[in-house]
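To keep things clear, I will list the structure first and then write my remarks on it.
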Amino acid sequence: MHKLYVTQQQWALQERFSVRDDHNDPVYQVVGSKFQMPKFFEILDLNNQVVATVTKKPLSLVATYYLQIGGQTLATIQRRPTFLRPSYDLTAVGLTVTGSLWDLNFAIKRQDKVVGRVRRAGLSLNNKYEIVVLDDDIQLILVGLVLAIDYGRHAAAAAAVSTTF
């Protein structure tokens, strides 16, 4: 078991931040497409090689994100259309989610065995998330889920603010 921490700077002009381990050492760099369509995040290893990509499906009625690792789409994260509290569905071969994806407090299971956990770490101006990796095979999937859902939350909040004016 090991932990990763994602701290995304809210007001940064450049969408670039680190995923760090519990010793505060960088494990991945994340680079986002600030003004490009479709929206995407690249997850880079320590050698600046792209190891995974999270891409938002453009022009869709329901926010949908694809996680690609090694050129293959391994997971789809889709927002359920609801009026009250938004929720997300994860489609990934052999994985299920328990808990709340929207609140970023959930566990990932493979065959009823917990292989990872994600939780939002407190309230702050920055978004900080703790990822507990119990199976190294899903480490990038967990990081990709956090990126997609965090971006979806901010996009939904921005849309809500823009419709109130």
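Worth knowing before you read on, the calculation uses all heavy atoms, side chains too, and leaves out hydrogens, waters and symmetry mates. Quick caveat, the model's predicted, so the values are computed rather than measured.
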How close do [X] and [Y] get, counting heavy atoms only, and between which atoms?
X: Ala52; Y: Leu67; result: CB-CD1, 4.2 Å
X: Lys39; Y: Gly32; result: NZ-C, 4.5 Å
X: Asp45; Y: Tyr28; result: CA-CD2, 4.3 Å
X: Asp22; Y: Tyr5; result: CA-CE1, 3.8 Å

### Task
May I ask whether Leu142 and Ile69 are part of the same hydrophobic cluster, defined by side-chain heavy atoms of I, L, V, M, F, W, Y residues being less than 4.5 angstrom apart, directly or through others?
yes

Test item: [X] and [Y] side chains (from C-beta on) under 4.5 Å apart, heavy atoms:
X: Leu134; Y: Arg110; result: no
X: Ile108; Y: Val97; result: yes
X: Thr53; Y: Ile43; result: no
X: Val30; Y: Leu44; result: no
X: Thr55; Y: Tyr65; result: no

### Query
Quick one: does Lys128's side chain have a donor or acceptor within less than 3.5 Å of a partner on Arg120's backbone?
no

### Message
For the residue pair Gln78 / Thr64, report whether a side-chain donor-acceptor contact shorter than 3.5 Å exists.
### Response
yes

### Message
Can a side-chain donor-acceptor contact be found between Gln29 and Ser18 if the only test is distance below 3.5 angstrom?
### Response
yes

### Task
Please check if atom CG in Asp25 has more than 12 non-hydrogen atoms from other residues, nucleotides or ligands closer than 6.0 Å.
yes

### Query
Of Leu4, Val115, Val51, which is the lone residue that meets side-chain contact (heavy atoms from CB on, under 4.5 Å) with Gln139?
Leu4

